[in-house]
Protein chains: 2
Amino acid sequence: MTLGSIHRPQLADEVTERLREAIVSGQWPLQERIPPEPELMAQLGVSRGTLREGIKALAHAGMLEVRRGDGTYVRAASEIHGAARKAYREHEDQDVLQVRFALDTKAARLAARLANDGDIAAMRTMLAKRREAWAAEDLEQWITADWDFHLKVAESSGNRLLHELYGSFGDVFHGTKMAQRLRNGFDGCLEAGHEALVAAIAAGDEDAAVATVNANLNYCMSWMPQSGE
Amino acid sequence: MTLGSIHRPQLADEVTERLREAIVSGQWPLQERIPPEPELMAQLGVSRGTLREGIKALAHAGMLEVRRGDGTYVRAASEIHGAARKAYREHEDQDVLQVRFALDTKAARLAARLANDGDIAAMRTMLAKRREAWAAEDLEQWITADWDFHLKVAESSGNRLLHELYGSFGDVFHGTKMAQRLRNGFDGCLEAGHEALVAAIAAGDEDAAVATVNANLNYCMSWMPQSGE
DNA sequence: GCCCTGGAGACATCAGACGTCTAATGTTTA
DNA sequence: TAAACATTAGACGTCTGATGTCTCCAGGGC
């Protein structure tokens with residue numbers, strides 16, 4: 001048949017998608033309260049029940065938190081991120097980190113195989129920022145630059161799923177744990193290790209890239225209390 | 001204050017949890033239709049709106065599929081499994097498999113470090129079943145035994161999150177892709193490779209376990225059309 | 001300054017009604 | 001007989017409107 005079927009996409013799903021977009025796009029920032037239900041009903045032109053079905057879907061996914069008598073707040077910017085938050089709540093730190101490291105290793109191997117000149121230039125730029133921030137003792141900036149670098153490696157793997165997973169699992173870690181470690185005397189530098197990783201990727205040496213990542217992670221882990229691997 | 005607050009856990013969340021249990025416990029089998037809304041309203045003692053909020057939460061998570069005019073069907077046995085299904089829909093097969101392989105490698109390393117005698121005995125039992133099924137040309141049984149073996153390795157890693165993720169990502173693959181490949185002439189044997197993995201795990205040789213897994217996976221991938229790694 | 005009390009705003013839940021879709025069955029027609 | 005059409009029962013989709021309950025916060029009493 002050729003007459004593309006009418007197929008009206010369920011209103012509630014449409015609502016879910018619109019809410020989701022508002023969150024993903026940053027229109028509703030993290031931790032902020034979203035507009036009250038009556039207002040959203042008007043904006044979206046749907047009934048309360050339909051709206052609430054959309055909200056509940058995102059709430060179960062961990063993206064929204066509904067506080068009775070108060071309002072609804074944004075807690076995560078994507079489903080997968082919400083799932084990662086939940087994983088952090090329900091599993092040992094160590095377990096989550098091991099999974100992240102598994103992804104990290106794979107990302108490095110693929111990046112060494114696939115990264116192009118633009119990717120590598122971007123990595124070098126981020127490492128430079130990281131170095132400057134460290135010299136300037138700007139912790140926040142340093143954490144950001146460090147994380148951006150690792151994300152770029154994941155992105156350069158060419159595997160979108162891997163990039164997404166890595167970003168979600170790592171984000172919580174970087175946001176909550178890194179700052180603590182820095183205060184505990186972690187030197188945070190590993191300058192050489194990061195440079196070596198870029199070099200291995202630029203050279204297309206997969207095994208060297210993986211070895212470098214492992215070395216970095218083991219050093220990093222040595223600063224974690226009671227954690228193996 | 002001492003009077004432990006009444007703490008009425010949001011009805012809709014309670015409903016979500018009850019539905020979820022019915023699915024996870026197997027009371028509502030995969031692919032089956034669940035009771036119609038009016039019946040569930042009566043069983044749970046809630047209004048339709050509340051019930052639907054609970055259903056929508058699980059539907060968005062990929063565990064349920066609601067078909068207007070027909071009914072609601074069970075599509076996945078856990079949120080993470082639902083997410084994996086979605087990932088399979090939205091990403092390249094190759095990307096998903098790479099992620100799964102990253103987990104596979106990590107699982108093997110950890111299993112070599114932590115597996116106890118009971119784990120190893122279980123692995124050997126499963127391999128024996130796998131061998132018998134192959135000899136008897138019972139494909140279904142063979143696929144089951146093969147998958148059980150890999151799951152056991154993941155479980156032996158001692159990392160519950162890893163086990164869960166691995167199970168979810170791999171399940172879809174084993175259910176849908178493996179059968180196709182077998183029909184295409186895949187010899188599916190790899191008997192030696194699997195035995196070698198158990199041997200490495202039993203010996204506690206992490207590097208050998210990882211190397212064996214990589215060898216197996218590469219051989220396996222060679223049967224996949226147009227896929228790298 | 002602290003505690004208590006209300007009020008306002010926001011989410012929670014219910015009840016009932018009607019629309020629309022799907023699948024199955026029955027009926028007609030070539 | 002078999003294909004095409006018509007009907008119907010069951011199921012989900014959405015709306016309306018009312019009431020309950022909780023959180024926050026400002027204002028009054030001590």
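All of these numbers come straight from a predicted model, not from anything done at the bench. The sequence lines fix the lettering, A, B, ..., with proteins before strands; numbering per chain opens at 1.
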I'd like a table of atom pairs between the protein and nucleotides 23-25 of chain D - only N or O on both sides, under 3.5 Å - with the distance next to each one.
residue: D:dT23; atom: O4'; partner: A:G69; partner atom: O; Å: 3.4
residue: D:dT23; atom: O2; partner: A:G69; partner atom: O; Å: 3.4
residue: D:dC24; atom: OP1; partner: A:R67; partner atom: NH2; Å: 2.6

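- Of the residues listed (A:K56, A:R68, A:R52), the one engaging A:E37 in a salt bridge (charged side-chain N to carboxylate O under 4.0 Å, His left out) is A:R52, and it is the only one.
- A salt bridge does not link A:E90 with B:R160: every distance from a Lys NZ or Arg NE/NH1/NH2 to an Asp or Glu carboxylate oxygen is 4.0 Å or more.
- OP1 and OP2 of D:dA11 both lie 4.0 Å or more from every side-chain N or O belonging to B:T72.
- Taking B:W28 as the reference, nothing meets the ring-ring contact (aromatic ring centres under 6.0 Å, His included) condition, with sequence neighbours excluded.
- In this structure, CD of A:Q10 is placed 9 Å from C1' of C:dC21, rounded to the nearest angstrom.
- The neighbour count for A:K86 NZ, taken as heavy atoms of other residues, nucleotides or ligands under 6.0 Å away, is above 12.
- Checking D:dT14, C:dC14, D:dC12 against the side-chain heavy atoms of B:L11 singles out C:dC14 as nearest.
- Between the side chains of A:H81 and A:E164, not a single donor N or O lies within less than 3.5 Å of an accepting N or O.
- Atoms OH (B:Y73) and P (C:dC21) sit 18 Å apart, rounded to a whole Å.
- Heavy-atom distances under 4.0 Å link DNA chain D to B:P36, B:E37, B:R48, B:R52 of residues 21-56 of chain B, given in residue order.
- Salt-bridge formation is detected for the pair A:K152/A:D119: a Lys NZ or Arg NE/NH1/NH2 atom is positioned less than 4.0 Å from an Asp or Glu carboxylate oxygen.
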side-chain contact (heavy atoms from CB on, under 4.5 Å), that's the test. Do B:H194 and B:N216 meet it? Break it down for me. CA-CA 8 Å; B:H194 283 65; B:N216 289 351; 4.3 Å; yes

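- Using a 4.0 Å cut-off between charged side-chain N and carboxylate O, A:R33 and A:D70 make a salt bridge.
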